[in-house]
Structure formats: structure tokens, C-alpha cells
Amino acid sequence: MKALVDADSFYVSCERVFRPLLNGRPVVVLSNNDGCLISCSREAKALGLRVGQPYFEAAGLLTLHGGEALSANFSLYTDMSARLMRTLERFAPRVQVYSIDEAFLDGGSRLPTGGEWADWASAIRTTVRRDTGLPVSIGVAPSHVLAKLACEKQAKHSAEGIGILIDPTVIFRALEETPVEAVWGIAERLGQRLKRAGLWTAAQFARAPDPLIRRLTSLTELRLAWELRGVPTLDPGDIRAPRKTIFCSRTFAVPTRRWEELREAVATYTARAAERLRAQRSEAGAVRVAIRTGLFHPDEPFHGDAAFVRLPAPSAHTPTLTAASIHALQTIYRPGFAYARAEVLLAELSDARTHPTNLFDPEDEAKRVRSIRLMNAMDRINAEYGRDTVWTAICGRGVLRRLRQANRSPRYTTCWEELPIARAS
DNA sequence: TCTGGGGTCCTAGGACCC
DNA sequence: TCTGGGGTCCTAGGACCC
């Protein structure tokens with residue numbers, strides 16, 4: 001049996017833990033630059049607001065109903081997520097962290113059987129609420145996709161916040177009531193393709209012959225069908241496992257035509273990505289840089305391009321990676337365009353601990369060891385005294401580094417200066 | 001005026017090899 | 001008219017997730 005634990009409106013709930021006055025009101029959390037909605041409270045959803053919607057479309061309605069929009073505070077959310085996952089580890093031998101706000105708990109000898117699933121799930125909800133302040137919904141079923149369905153279709157709509165899909169007739173009824181594009185892993189495009197072939201509901205999809213599914217879609221969707229039949233075929237992975245690629249990108253608060261500013265941005269994103277690279281003890285074998293102009297200005301000429309550069313040897317050394325990414329940028333930059341976004345991708349990652357020692361060139365090897373020590377020192381200083389305490393000069397302090405964040409809450413749990421203060425009254 | 005930032009997996013097709 | 005058969009590796013792009 002699998003259980004999916006999913007925090008309700010996670011980012012909004014994190015904010016509410018420290019500002020209970022936000023409870024019961026329409027609240028949204030915004031993406032970087034206060035661009036889009038990335039989390040909506042139940043009350044905000046009731047107003048018709050949706051994740052992904054641009055903020056300027058939602059602002060009026062939100063104000064009208066006494067709502068509030070908060071800038072994203074990822075330091076807070078990341079820390080709250082870690083607290084949530086630690087709490088869940090008390091309830092199952094195996095916890096697979098699937099995203100910042102979801103985890104699968106896997107059945108084991110410590111889990112109850114039969115009719116006790118609801119009690120077990122209920123205990124999890126109570127404990128998480130007490131220890132972290134976060135509301136969660138829980139779905140229990142024989143496979144990951146069914147657990148997700150139990151969570152989305154039943155738990156989220158019930159007062160208890162718990163959905164159980166174990167009995168085959170109950171499962172089948174739930175599948176009949178679920179449109180095929182509401183299945184986890186099937187979105188609009190695939191949904192249309194399946195419906196054109198007559199598969200309108202999750203039940204029809206699950207019962208379709210394998211060759212038909214395979215002809216219409218890929219292997220991924222065939223596995224989904226098996227999951228809906230109650231056979232686990234998916235390994236949802238764990239976000240704490242080492243990443244295979246590391247990505248850092250931003251849309252600029254103000255577009256730029258200047259090479260120097262673009263170079264600063266690319267250098268900065270490379271440094272950020274390299275920091276995460278070292279945190280997971282990896283090295284990158286290649287760097288990919290992409291830039292593009294804005295998407296929403298039809299009068300501005302469009303240009304977008306990407307370049308992939310392979311390094312002579314895998315590296316986690318920020319200056320080495322930066323030199324590669326700036327070289328890549330040089331090959332794609334075209335003067336005169338108003339660039340609105342840059343991306344840096346570190347690829348071909350390998351384990352830094354297995355980097356072969358260069359026995360034949362002791363000098364080169366000594367240089368490599370020194371560079372690792374330097375990077376470690378930089379990371380430790382920035383961890384202790386704040387992210388931008390030391391940085392490489394090419395990153396600059398340019399305008400592109402700043403984001404619009406009109407309404408960011410304090411980093412209540414990760415910054416001494418911003419701890420909440422309790423006063424006796 | 002104002003539209004995010006991460007990831008994963010799969011497939012098709014091109015280039016190349018013998 | 002008729003133009004092999006088997007492989008690998010790489011990349012772009014599609015589709016999905018939160």
C-alpha cells in the first residue's frame with residue numbers, strides 16, 4: 001500500500017503558520033518578480049484564481065475581496081518542507097520525497113492493515129499539524145497513481161482530508177468519475193489524443209488493451225494504465241537524490257540590450273548552479289546557456305538561442321564553469337535585441353568523489369585540490385554570513401541581480417535577524 | 001505597465017560506424 | 001524496375017510534473 005501526503009496550498013500554508021490573520025482569507029503567493037500566482041488558498045481558488053495566472057489579472061479581484069498577495073519566500077518554504085518530511089519519517093520505513101510539498105509513504109511491516117488505514121492517516125495529519133502547523137491531505141491506495149487520485153479526488157474534498165482507494169469496486173467507481181486528462185501524468189495534449197480514440201474516462205483508459213495504449217502514446221502512459229489497475233510500476237524518485245542536471249534561470253525585472261549585463265546575469269546563474277552542484281557533491285561535464293527576448297511584446301523583434309559547451313574535464317570550480325558559460329554566451333548573443341531572460345544548465349553530472357587523480361601531472365593535481373578548497377571556503381562563508389557575502393567579480397552587482405519582491409515575508413525560520421518575536425501581553 | 005523556475009522521461013531522426 | 005542490415009551516440013523537441 002502507498003500513501004501520498006500532500007500539503008494543502010503549501011506556500012500559502014507556510015505563510016499562515018506565522019501569520020494566522022491570513023487564515024480564512026483569499027491569499028496567493030507570487031513567482032519571482034511578482035509575476036504569476038504559484039500558490040492559491042482555498043478562498044482564492046473559490047474566487048476563480050488559478051496557479052499560473054499572471055498577477056496583474058488577479059490583483060483587482062483579490063483586493064476587492066480583502067485578499068493578500070505575498071512575494072515568494074523560498075528560504076521559508078524549503079525549511080518548512082524539511083520539517084514536514086522529517087515528521088513523515090516517523091510514520092513509515094520509507095519516505096520518498098516527490099516534490100517540495102508531497103511525499104509517498106511506502107508500506108512496510110510497521111504499517112497497519114485492513115480497516116486501520118484511516119486511523120493511521122488521521123494520526124499523520126494530526127501530528128503534522130501539531131508539529132509543523134501545516135494542513136495536509138492523504139491518499140491511500142495500492143499504487144502511486146491511485147494514491148494521488150485518492151488524495152486529489154477524495155481527500156482534498158472531504159472534511160477529514162483522507163481518501164482511501166482499496167476496495168476494487170470503489171476504485172472502479174472513482175475511475176469512472178475521473179476524466180482521462182485528470183489522471184496524474186496525462187494533461188491536455190495526451191488527453192485530447194486519448195479522447196479522439198474513444199478513451200474519455202480513467203476507467204476506459206485503464207481497461208484499454210495494452211497495444212492500443214502503446215500505439216497512441218509512449219511507454220510512460222502504458223505504465224500509468226497499469227498503475228490505475230492497481231499494479232505499481234512507477235518509481236516516483238526522490239528529490240533528495242542527486243540531480244542529473246542543474247538549472248538556474250531568471251526572467252529579468254527589466255529587459256536588457258547590453259552585453260555586460262547579460263554576461264553578469266549568466267555569470268551569476270552559473271555561480272548559483274555551481275553552488276548547488278557542489279552541495280550534492282557533483283561535477284559538471286558540460287554547460288548549456290540560453291537567452292531570449294520577451295514573449296509578450298509583439299512589436300519587439302524576437303531572438304532566442306542556446307549553446308552547449310563541453311568542458312575538457314568535469315569540474316565544480318565556479319571560475320572554470322563561468323568561463324565556459326560566457327564562451328557559450330558569446331556564440332549566441334546578438335547586439336540590438338532586448339533580452340528578457342537567461343538560463344544556465346549544468347549537464348553530464350558525475351560524482352566529484354570519483355574524479356580520477358591526475359598522477360602524471362602533480363602540478364595540475366595540486367591546482368585542482370587548491371581550487372576545491374577555495375570553493376569550499378566560499379560556500380561555507382556564504383552559508384554562514386548570507387548568500388552574497390563573497391562572489392566572483394564577473395557576477396557584478398548589476399541591476400539584473402535584483403528582483404521585484406514587493407511583499408516578501410520574513411525568513412522566520414532560517415535567519416536570526418528575522419525570527420518571529422513572541423510578546424507576553 | 002504587469003505573464004516563474006525548476007525538474008524528469010521518452011522518441012524521432014541525423015550522423016556516423018562496419 | 002531493382003539500391004543492405006545492423007549498430008551506437010547525440011540532440012532537439014515533446015510531454016509531463018510541481
Side-chain angles (χ1 to χ4, degrees), chain A residues 4 6-11 28-40 49-60 62 69 71-72 74 77-78 81 97-104 144-145 148 151-152 180-194 214-224 233-255 269 272-273 276 280 285-286 288 290 292-299 304-310 340-349 403-406:
Chain A
L4 174 67
D6 184 315
D8 303 335
S9 310
F10 181 60
Y11 299 158
V28 301
V29 170
L30 306 175
S31 65
N32 274 337
N33 288 317
D34 293 344
C36 290
L37 278 50
I38 55 171
S39 179
C40 298
L49 303 183
R50 290 289 170 267
V51 167
Q53 199 176 3
Y55 175 48
F56 70 86
E57 278 180 23
L62 201 59
S71 303
F74 288 106
Y77 312 147
T78 306
S81 174
V97 182
Y98 176 72
S99 75
I100 194 164
D101 73 328
E102 288 169 277
F104 285 98
H144 295 101
V145 175
K148 180 79 176 174
C151 188
E152 298 289 311
V180 73
E181 71 273 16
V183 171
W184 191 38
I186 295 175
E188 203 185 330
R189 296 296 187 84
L190 282 169
Q192 282 170 2
R193 206 183 303 164
L194 293 170
R214 197 61 186 82
R215 200 166 68 239
L216 293 169
T217 62
S218 81
L219 199 54
T220 317
E221 289 70 35
L222 183 58
R223 293 196 190 114
L224 279 185
T233 59
L234 236 56
D235 180 5
D238 188 324
I239 52 166
R240 289 177 300 191
R243 306 273 68 136
K244 296 172 179 174
T245 58
I246 291 176
F247 194 69
C248 182
S249 70
R250 294 286 183 282
T251 302
F252 310 143
V254 181
Y269 304 163
R272 278 269 194 281
R276 281 193 272 148
Q280 70 164 36
R288 181 183 183 273
R292 64 161 170 78
T293 54
L295 294 176
F296 305 101
H297 299 279
D299 39 321
D305 203 353
F308 190 85
V309 174
R310 190 159 280 126
R341 179 182 169 86
E343 312 175 346
V344 173
L345 176 83
L346 303 182
E348 298 182 6
L349 306 193
L403 293 171
R404 261 198 306 273
Q405 287 195 320

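Here is the naming used below: chain letters follow the sequence lines, and residue numbers restart at 1 for every chain.
Atom-to-atom, CZ of A:Phe296 to C1' of B:dT1 comes out at 14 Å; the value is rounded to the nearest Å. Computed from coordinates, the A:Gln405 CD to B:dG4 C1' distance equals 12 Å when rounded to whole Å. Atom P of nucleotide B:dT3 and atom CG of A:Asp34 are separated by 11 Å, given to the nearest angstrom. Rounded to an integer number of Å, the gap from CG of A:Leu234 to C1' of B:dT8 is 11 Å. Between A:Lys244 atom NZ and B:dC9 atom C1' there is a gap of 8 Å when expressed in whole angstrom units. Residue A:Leu345 contributes atom CG, which lies 11 Å from atom P of B:dG6 at whole-angstrom precision. With rounding to whole Å, A:Leu216 atom CG is found 14 Å from B:dT11 atom P. Atom CD in A:Glu181 sits roughly 11 Å away from atom P in C:dC16 (whole-Å rounding).
Here the closest heavy-atom approach between residue A:Ala406 and residue A:Ser71 is recorded as N-OG, 3.2 Å. Closest approach of A:Ser249 to A:Glu343, counting heavy atoms only: CB-CG, 3.6 Å. Shown here for A:Arg243 and A:Gln280, the closest heavy-atom pair between the two residues is N-OE1, 2.7 Å.
Centroid-to-centroid, the aromatic rings of A:Phe74 and A:Tyr11 come within less than 6.0 Å.
Looking at heavy-atom distances under 4.0 Å, A:Arg214 makes contact with sugar-phosphate atoms alone, never a base. Residue A:Ile246 is classed as a sugar-phosphate contact, given heavy-atom separations below 4.0 Å to backbone atoms only. Contacts of A:Tyr98 with the nucleic acid, taken as non-hydrogen atoms under 4.0 Å apart, involve only primed sugar atoms and P, OP1 or OP2. Note on A:Gln53: nothing from the nucleic acid sits closer than 4.0 angstrom, heavy atoms only. At a threshold of 4.0 angstrom between heavy atoms, the contacts of A:Arg288 with the nucleic acid are absent.
With values rounded to the nearest 0.5 angstrom, A:Leu222 atom CG is found 11.0 Å from A:Leu216 atom CG. To the nearest 0.5 Å, atoms CG (A:Leu37) and CG (A:Leu30) are separated by 6.0 Å.
Note on A:Arg404: every side-chain N or O is 4.0 Å or more away from OP1 and OP2 of B:dT1. Using a 4.0 Å cut-off, some side-chain N or O of A:Thr251 falls inside it from OP1 or OP2 of B:dG5. Residue A:Arg272 places none of its side-chain N or O atoms closer than 4.0 Å to OP1 or OP2 of B:dG5.
Taking only side-chain atoms of A:Phe247, from C-beta outward, the nucleotide of C:dC17, C:dT11, B:dG6 with the closest atom is B:dG6. Minimum atom distance to the side chain of A:Thr245 is reached by B:dG7, of the listed B:dG5, C:dC18, B:dG7. Minimum atom distance to the side chain of A:Leu219 is reached by B:dC10, of the listed B:dT8, B:dC10, B:dG6. Minimum atom distance to the side chain of A:Lys148 is reached by C:dC18, of the listed B:dT8, B:dG4, C:dC18. Among the nucleotides B:dT3, C:dC18, B:dG5, the one closest to the side chain of A:Cys36 is B:dT3.
Listed by residue number, the members of residues 186-193 of chain A with any heavy atom below 4.0 angstrom from DNA chain B form an empty set.
Relative ring orientation between A:Phe104 and A:Tyr98 is described as perpendicular, the plane-to-plane angle rising above 60° on a 0-90° scale split at 30° and 60°.
Taking the 5.5 Å centre cut-off and the 30° plane limit, the aromatic side chain of A:Phe56 is not classed as stacked on B:dT3.
Atom CZ of A:Arg189 is surrounded by 12 or fewer heavy atoms from other residues, nucleotides or ligands within 6.0 Å.
Mapping A:Arg223 and A:Cys248 onto DNA chain B by nearest heavy atom places A:Cys248 closer to the 5' end of the strand.
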Note to self: Wobble G-U and Watson-Crick pairs count when both distances are under 3.5 Å; given that, what is the 5' to 3' dot-bracket string of DNA chain C, with | for pairing to other strands?
What the structure shows: ....||||||||||||||

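No side-chain heavy atom of A:Val309 sits under 4.5 Å from any side-chain heavy atom of A:Arg288. A:Asp101 has its side chain within reach of A:Asp6: a pair of non-hydrogen atoms, C-beta onward, lies under 4.5 Å apart.
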Note to self: Applying side-chain contact (heavy atoms from CB on, under 4.5 Å) to A:Cys248 and A:Arg276, what does each step give before you reach the verdict?
What the structure shows: CA-CA 10 Å; A:Cys248 182; A:Arg276 281 193 272 148; 3.8 Å; yes

